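None of these values were measured; they are calculated from a predicted model. Heavy atoms only: backbone and side chains are in, while hydrogens, waters and symmetry mates are out. Indexing begins at 1, ligand by ligand and atom by atom, following the structure's order.
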Amino acid sequence: MVPPLFLDVQPDHFVLDMCAAPGSKTFQLLEMIHMNDKHGPPSTGLVVANDVDVQRCHLLIHQTKRMCSPNVIVTNHEAQHFPGLKKGKDATLQPDSVPENALNSNGDFENVEVNEERGLLFDRILCDVPCSGDGTIRKAPDIWKKWNLGHANGLHRLQIQIAMRGVALLRVGGRLVYSTCSLNPVENEAVVGEVMRRCGGCLELLDVSSELPELKRRPGLKTWKVRDKGVWISSFKNVNKHRAGSILSSMFPNRNVEDQSVSVDEEQLSVQEEIFSESLELNEDNEPQNLEIAENEDDEISSFPLDRCLRILPHDQDTGGFFIAVFKKVSPFKADQFSRQHAKRQIGPKEDLREVPVNIRRDTEECEDLVGSHLDGNESNINQEHSGTPIKKECDVESITDQYTVCNNSKQTDSAPKMQSKSNQARHQQQGNWKGVDPVFFLNDQSLIDSIVSFYGIKDTFTLRGHLITRSEDTSRLKRIYYVSESAAKVLQLNFRTGEQMKITSVGLKIFERQGGKENICQCAFRIASEGLPLLLPHMTRQLIRASKEDFKLLLSVKAAPFTAFKDAGFVTSLHALVPGCCVVILDDGQNDIQSDYSSVTAIGCWRGRSNLSLLIPKEEAAQLLSRLFGAGREDELLPLMVEDASPTLGSIAKNEVEGGEALEGLSENGCQEPNFDKSAPTA
Ligand SMILES: C[S@@+](CC[C@H](N)C(=O)[O-])C[C@H]1O[C@@H](n2cnc3c(N)ncnc32)[C@H](O)[C@@H]1O
């Protein structure tokens with residue numbers, strides 16, 4: 001997908017994807033963060049993927065899990081109120097949760113660039129905002145049936161809010177991409193123009209004409225009209241005062257009509273007419289009607305270089321239609337850049353009330369937190385279907401403080417009921433059974449960590465302390481342990497220190513799982529989770545074993561086999577040498593230098609019993625691997641062959657072993673199947 005390609009993401013970047021679900025662009029961003037992992041040190045970057053909709057966050061989690069990345073945090077916030085993680089009075093410290101040597105005298109990680117004073121700023125931000133979706137009509141024709149003008153007009157305000165919050169959270173020098181899959185200028189150029197107007201000189205609209213030269217694009221519009229109630233309106237001054245709450249001055253090319261010095265660009269207008277020629281025949285209810293053009297035709301033209309925006313038209317290269325604008329933040333945002341006077345002169349009556357209190361709060365100090373709130377406090381007729389956004393009432397003007405999170409923070413909401421209605425809170429967090437927020441605790445149990453490190457022989461170069469998190473504080477009942485990158489750990493720490501403003505729905509790569517009921521026969525209570533195996537493998541020095549193709553195939557086919565079933569005598573000897581418990585079997589196909597390049601290694605988590613070896617991966621996964629590696633067909637077609645090949649006594653030996661009390665009980669925690677020798681292997 002195109003918008004992330006204009007972000008120029010590097011592996012050490014902190015990236016925020018503000019409206020991320022279902023997550024196709026998040027996946028791309030993660031790929032970019034990890035692009036050097038195979039041949040260099042692991043990424044120090046981070047992707048924070050956010051969406052307001054809890055159900056859609058599920059999709060997002062599913063999508064990001066495919067990447068098996070410890071460098072991602074999924075959050076559930078209104079993007080326009082995404083928390084800045086600055087120091088708050090409810091901050092709860094977890095001083096013991098990170099190794100002391102990892103902290104500097106301020107209690108931060110060394111070299112940390114996130115801290116309570118500055119909050120969390122991002123190098124790259126993607127604002128793929130909710131939109132009317134009219135650019136996707138070819139692939140989703142239903143949108144056309146439901147489309148009406150109100151969609152775009154209703155979303156305009158929210159789109160500005162989200163983009164402004166993005167600017168506030170962007171580091172100076174950072175890039176922000178604003179994108180929609182709509183071709184309506186009200187959702188596109190109008191938003192870009194308004195954001196630039198509000199940000200003064202702190203934001204540059206980049207000319208990206210030399211980037212992705214193969215992409216056919218059209219320039220952004222500099223002039224357009226706004227349609228409302230069957231009328232095309234060319235200037236805010238022509239808006240009926242009863243409509244001024246819905247048709248905002250920011251929807252027009254130039255708020256400041258007195259400053260108009262440029263004449264109408266006929267070419268631009270004709271492009272717009274072409275795009276909207278169909279809609280000229282329809283009213284808001286999609287019914288044909290006679291067009292009425294507003295009397296006063298003072299067509300406005302934007303003074304911003306909006307032609308630097310990109311319009312991707314479906315027929316240019318057989319794609320959907322979409323819009324992209326690429327910004328660079330060149331200096332910190334100052335409140336006085338969007339002065340009270342300027343605001344009063346240029347905005348409509350309703351906006352006036354909202355913006356003044358914000359702008360007089362801080363005159364000259366850096367005011368990053370304020371930008372996103374300019375338009376808060378007004379009713380919104382957002383179309384929920386297209387945007388995926390619940391229709392909502394924003395915070396009151398009184399609540400616009402520099403603590404955005406007051407409106408969103410679940411902890412604070414109870415004590416500040418006026419700031420966000422309970423029903424609004426519930427809508428965001430309690431869709432379905434899932435509350436939308438997962439507790440996060442750093443794992444501090446050093447003896448537990450030591451037992452894991454020693455059992456798997458984990459090298460010093462792979463630090464676990466400070467990187468392991470859990471969902472429960474009680475380590476005796478702990479079921480799963482997750483690994484987070486240093487970048488994610490920093491942000492989690494900052495989140496604790498600033499009062500857990502960030503509502504986290506998913507973080508960490510599952511790396512260890514408790515061995516259900518096997519503790520008495522195993523020195524280590526935790527086995528390796530398959531998601532975490534690729535990360536851990538290069539750092540393991542024990543419980544590793546290599547199998548020939550033939551033996552690997554056998555293992556995948558039968559899922560559990562006695563040691564005697566394997567052909568390679570060296571493999572059998574190594575099996576005996578392993579400590580009972582979880583181990584990793586690596587496919588030794590003679591082609592890869594396993595020691596130096598783990599990236600293309602095939603390895604699976606297994607259980608080394610007293611005298612048999614069984615898989616610790618789900619049956620389906622084993623079947624897929626079998627088919628991918630060996631082109632093998634269905635399991636039941638394959639099994640007799642394998643058994644014949646392996647040993648005539650395979651089934652009976654395995655069965656006896658189980659009956660003899662070997663612990664091979666269900667591996668339900670990660671969905672693995674309990675080996676069932678009666679079903680899977682014929683007895684001799
Ligand atoms: C255009 S889709 C994003 C598509 C996504 N970037 C991708 O590539 O898969 C817009 C998303 O914005 C979310 N959304 C709507 N309003 C939001 C808000 N106020 N804050 C954050 N997300 C919002 C919707 O739930 C929806 O998932």
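- Ion pairing between a basic and an acidic side chain is recognised when a charged N comes within 4.0 Å of a carboxylate O; Asp307 and Arg218 show no such pairing.
- Contacts between Val129 and ligand 1 below 4.0 angstrom, taking non-hydrogen atoms only, involve the backbone exclusively.
- Between Asp17 and ligand 1, no pair of N/O atoms sits closer than 3.5 Å.
- At under 3.5 Å, a nitrogen or oxygen of Lys25, whether backbone or side chain, sits near a nitrogen or oxygen of ligand 1.
- For the residue pair Gln159/Thr180, the side-chain donor-acceptor check at 3.5 Å is not satisfied.
- The pair Glu204-Lys328 fails the salt-bridge criterion, with no side-chain N (NZ, NE, NH1 or NH2) lying under 4.0 Å from an Asp/Glu carboxylate O.
- Only the backbone of Ala20 comes within contact range of ligand 1, with a heavy atom under 4.0 Å; no side-chain atom does.
- In this model, a donor atom of one side chain and an acceptor atom of the other lie less than 3.5 Å apart for Thr26 and Asp17.
- Using a 4.0 Å cut-off to heavy atoms of Asp53, the atoms of ligand 1 that qualify are 25 (O).
- Residue Gln161 places no heavy atom under 4.0 Å from ligand 1.
- Ligand 1 places these atoms under 4.0 Å from at least one heavy atom of Met18: 21 (C).
- Residue His77 approaches ligand 1 through these ligand atoms, each under 4.0 Å from one of its heavy atoms: 20 (N), 21 (C).
- Within ligand 1, counting atoms from 1 as listed, the ones closer than 4.0 Å to a heavy atom of Glu78 are 20 (N).
- Residue contacts with ligand 1 leave out Gln63, since none of its heavy atoms falls under 4.0 Å from the ligand.
- Looking at ligand 1, you'll find an N or O of Gly23 within less than 3.5 Å of one of its N or O atoms.
- Of the heavy atoms in Arg56, only side-chain atoms (C-beta onward) come closer than 4.0 Å to ligand 1.
- Ser182 and Asn184 share no donor-acceptor pair across their side chains, judged by distance under 3.5 Å alone.
- Arg311 forms no cation-pi arrangement with Phe322, by the criterion of a distance under 6.0 Å to the ring centre and an angle within 45° of the ring axis.
- Gln10 meets the side-chain hydrogen bond (donor to acceptor under 3.5 Å, both in side chains) test with Asp8; sequence neighbours excluded.
- The pair Asp128-Lys25 counts as a salt bridge, with a side-chain nitrogen and a carboxylate oxygen less than 4.0 angstrom apart.
- Within the 4.0 Å heavy-atom criterion, the part of Gln80 lying near ligand 1 is the side chain and not the backbone.
- One finds a salt bridge joining Glu211 and Arg175 here, because a Lys/Arg side-chain nitrogen approaches an Asp/Glu carboxylate oxygen to under 4.0 Å.
- Checking only distances, Ala79 does come within under 3.5 Å of ligand 1, N or O to N or O.
- Taking any N or O of Ala21, backbone or side chain, at least one lies under 3.5 Å from an N or O belonging to ligand 1.
- Listed by chain and residue number, nothing satisfies the ring pair (Phe, Tyr, Trp, His ring centres under 6.0 Å) test with Phe323 (two or more places apart in sequence, or in another chain).
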